[in-house]
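Letters A, B, ... are given to chains in the order of the sequence lines, protein chains preceding strands, and every chain is numbered from 1.
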Protein chains: 2
Amino acid sequence: MITLADDEKAIASAIKQLSNQAGSHSPSIFTIAEKLPQLEIKIDACFLSNSYATDLVLEDFRKELIHTNKIKKVIEFYPSQNQVIADVLSTHLNVPARNIFIGSGASEVIQAVIHNFTTRKIIVNIPTFSPYYEFVKEGIVVVYNRLDPQENFNLNIEKYIQLVEKEKPDTIVLINPNNPSGGYIKLSDIQYLLNRLSWVENIIIDESFIHFAYEDENYEIKSAAMMIENFNNLIIIKSMTKDFGIAGIRAGYGVMDKEKVGYLLRHGHLWNSSGLAEYFFRLYVSDKFQREYEKSRIRCIQESRHFFSELATMPGLKVYPSMANFVLAELTNGATSYDFVSKLLIKYGVYIRDCSDKIGLDGEFVRIASRTKAENEIIVDSARDVLQNAWEYKEVSY
Amino acid sequence: MITLADDEKAIASAIKQLSNQAGSHSPSIFTIAEKLPQLEIKIDACFLSNSYATDLVLEDFRKELIHTNKIKKVIEFYPSQNQVIADVLSTHLNVPARNIFIGSGASEVIQAVIHNFTTRKIIVNIPTFSPYYEFVKEGIVVVYNRLDPQENFNLNIEKYIQLVEKEKPDTIVLINPNNPSGGYIKLSDIQYLLNRLSWVENIIIDESFIHFAYEDENYEIKSAAMMIENFNNLIIIKSMTKDFGIAGIRAGYGVMDKEKVGYLLRHGHLWNSSGLAEYFFRLYVSDKFQREYEKSRIRCIQESRHFFSELATMPGLKVYPSMANFVLAELTNGATSYDFVSKLLIKYGVYIRDCSDKIGLDGEFVRIASRTKAENEIIVDSARDVLQNAWEYKEVSY
């Protein structure tokens, strides 16, 4: 058992309250810092990003926008319209601009797709990223497909196809790798699913974490975006927040049938990118940035692998296999996720995600993000400390 | 007549093409600079903003974000959710946070309102800001109420009420001051309209230019936002782009019934503000910024007044009365808006808005934004030059 002292209990309960106010998402570290100034958050391991890539973006930002004072134009004037930025992305993605829809964060793309194209029924695998069922409007049926912990929360493809054929939804969602479980579907399996389910009107594949996944030692990114040529029911949704560590910029995009892009743009979404988002997209496609980013991406993957293997050695913590930059972990020694998360935050300044609000998870689960090498070491040491104390306490109390 | 030389004709036609691609909006100066590098745009008088306020924001931005390196957090981490930022605005607006909906630019608020609450019929006064009819979905009836040039494009309130009573729409839109005509409806008349039309489900009042309007020499802002307590069908939409000259940040908000805000937030719009937008909203409500901003606002109003009166003296240009930071002007000597806009841009680097794509305007209209004092002087001199030459040419050709 993890025991909280009385003062820790008070803080833990205040954090819980903030979490409740934030709905099915963790409160931001700014909100926590504002409401609980006595807490010192040293590491935000709730936050899913490649912070090496953040450094790359910031370096260019200082050089190109601040030192040149181009920032004035970026702040003062209207950024380009949606299709102009789509055009910037087109060559890099190897997808025609008419198939690209730019969003102010992936969440705008999710919202646009689900509000406009889902008209009857959606199947969502759980545990999942909550907007996929929260953004659904009244009258739409949500079918939850519970991923099996016995199968490491991986998608069982044949069972899934059977479910889809039975339920006949107009929309299905696959997050690949999945958030929060980290489970990955190989590109060949995606293709197999697309072939088998060609009658489903909208097949959403959320690739927000695909830059962290790999199928061989080349670490090549296996996006399904190019398959849009062959499957007009395919909808790729991509956040730039995770791989580039730029949540504050709000940048994302979708790849979908050109009729869908046209429909969305006829009714809005014209100036939904900020000047900084446009700057970022232009930076992102540049060869120089790509070369540097690729190094940071592989570094991030390798360090995440090492981090996960360290976490897996801890007593009382079951770590599920992940192809993302985070792991889902289960507390197996009677400790609650509430106590574990609270202790880590209050005593060590390490903020991880309590998954007790995630539907589809029975038990005590947390999600831990891989951060920089130095930060990961602190997370490992702190978690080991908390779990070891819990274990010792347990031995004593028997 | 304004005559374009052959090389000017070629450029004018290329600009026209860019305009067509940009739909019912002017192409951004970035797009023009990219596609027509031979053009030198010195003054963007298409762009509606208070550039003194831009300077204030930029000054604080450098001091608070760049010099302190807080910019890293603003770019890297998630900004606060919609309701947290609404809470920041609440005291300043004297409106409860539950009535405030934050948007990534006013255009997101327009889109959210029209997509979610307009279900049958909308009345739009023309000329207008085009998203109010463009964002409307298939199946919704749009009724255009043509403002009368004989009445200086001002709203005739009794005639308007008759029209609304006849058409029985669920949504009506009043832009106050109106874009592009600059016409203003006094706060007491707004209140009268709200009382008479209490049965209309959605009364949208777009106050994006209200900071430039005034009713007496105190220059007090006369927003209808506080009336939300008494009229739950009232929907105020407010862009921050114009008064603060920060189009690239994408910041706007709506004030509406709490049930409407709740509905929108249940289905999305949670992380629609960027880090810079949140930074701006927090800056905006600070006393120090408000004091400085108020000076810049009054300066902007006074300089605009002077600018409009100068333009009004020009032969061949009829300037309509405006309470915004721009004027609608009509070419009355046979010159076309196409030639006037092209000549100003190509020969003088002054970019103004050709209104030939605006529905509800029969004739040759342009919209000219008031910029800084120095820029306004150049605009006046250039316009006078173009019109005087046109006039002389005309005299000769008779």
**Item:** Aromatic ring proximity A:Tyr284/A:Phe244, centre distance under 6.0 Å
**Value:** yes
**Asked** Among B:Gly268, B:Ala277, B:Ser107, which has the most heavy-atom pairs under 4.5 Å with chain A?
**Response** B:Gly268
**Prompt:** B:Ile246 versus chain A, heavy atoms under 4.5 Å apart: side chain, backbone, both or neither?
**Reply:** both
**Prompt:** Is it the side chain or the backbone of B:Glu76 that comes within 4.5 Å of chain A heavy atoms, both, or neither?
**Reply:** both
**Request:** Please check if any side-chain donor atom of B:Glu108 sits under 3.5 Å from a side-chain acceptor atom of A:Asn272, or the reverse.
**Result:** no
**Request:** Check each atom of B:Arg62 against the heavy atoms of chain A and say whether the ones under 4.5 Å are side chain, backbone, both or neither.
**Result:** side chain
**Message:** What's the separation between atom OG1 in B:Thr241 and atom CG in B:Leu48, rounded to the nearest 0.5 Å?
**Reply:** 10.0 Å
**Message:** With a 6.0 Å cut-off on the ring centroids, do A:His67 and A:Phe61 count as close?
**Reply:** no
**Message:** If you count heavy-atom pairs within less than 4.5 Å of chain B, which of A:Ala247, A:Ser273, A:Ser274 leads?
**Reply:** A:Ala247
**Output field: ring centroids B:Phe209/B:Phe326 closer than 6.0 Å** = yes
**Prompt:** Hey, which of B:Lys137, B:Lys73, B:Glu134 has the most heavy atom pairs under 4.5 Å with chain A?
**Reply:** B:Lys137
**Request:** For each of A:His269, A:Arg266, A:Gln83, tally heavy-atom pairs with chain B at distances under 4.5 Å, and name the one with the top tally.
**Result:** A:His269
**Asked** So which part of B:His115 gets closer than 4.5 Å to some heavy atom of chain A, the side chain, the backbone, both or neither?
**Response** side chain
**Prompt:** So which part of A:Leu58 gets closer than 4.5 Å to some heavy atom of chain B, the side chain, the backbone, both or neither?
**Reply:** side chain
**Prompt:** At a heavy-atom separation under 4.5 Å, does B:Glu278 approach chain A through its side chain, its backbone, both, or neither?
**Reply:** neither
**Message:** Which atoms of B:Asn69 are under 4.5 Å from chain A, going by heavy atoms: the side chain, the backbone, both sets, or neither?
**Reply:** side chain
**Request:** Assess B:Lys260 against B:Phe117: is NZ or CZ under 6.0 Å from the centre of the six-membered ring, and within 45 degrees of the ring's axis?
**Result:** yes
**Prompt:** For B:Asp206 and B:Tyr132, does a side-chain donor sit closer than 3.5 Å to a side-chain acceptor?
**Reply:** yes
**Request:** Please state whether the side chain, the backbone, both or neither of B:Ile249 comes within less than 4.5 Å of a heavy atom of chain A.
**Result:** both
**Request:** Identify which part of B:Phe280 has an atom lying under 4.5 Å from any heavy atom of chain A, answering side chain, backbone, both or neither.
**Result:** neither
**Request:** Kindly state whether the ring of B:Phe77 and the ring of A:Phe47 have centres lying under 6.0 angstrom apart.
**Result:** yes
**Prompt:** Given the rule in the side-chain contact (heavy atoms from CB on, under 4.5 Å) test, do A:Ile43 and A:Arg371 qualify, once you have shown the distances and angles that lead to the verdict?
**Reply:** CA-CA 8 Å; A:Ile43 299 171; A:Arg371 305 296 308 162; 4.0 Å; yes
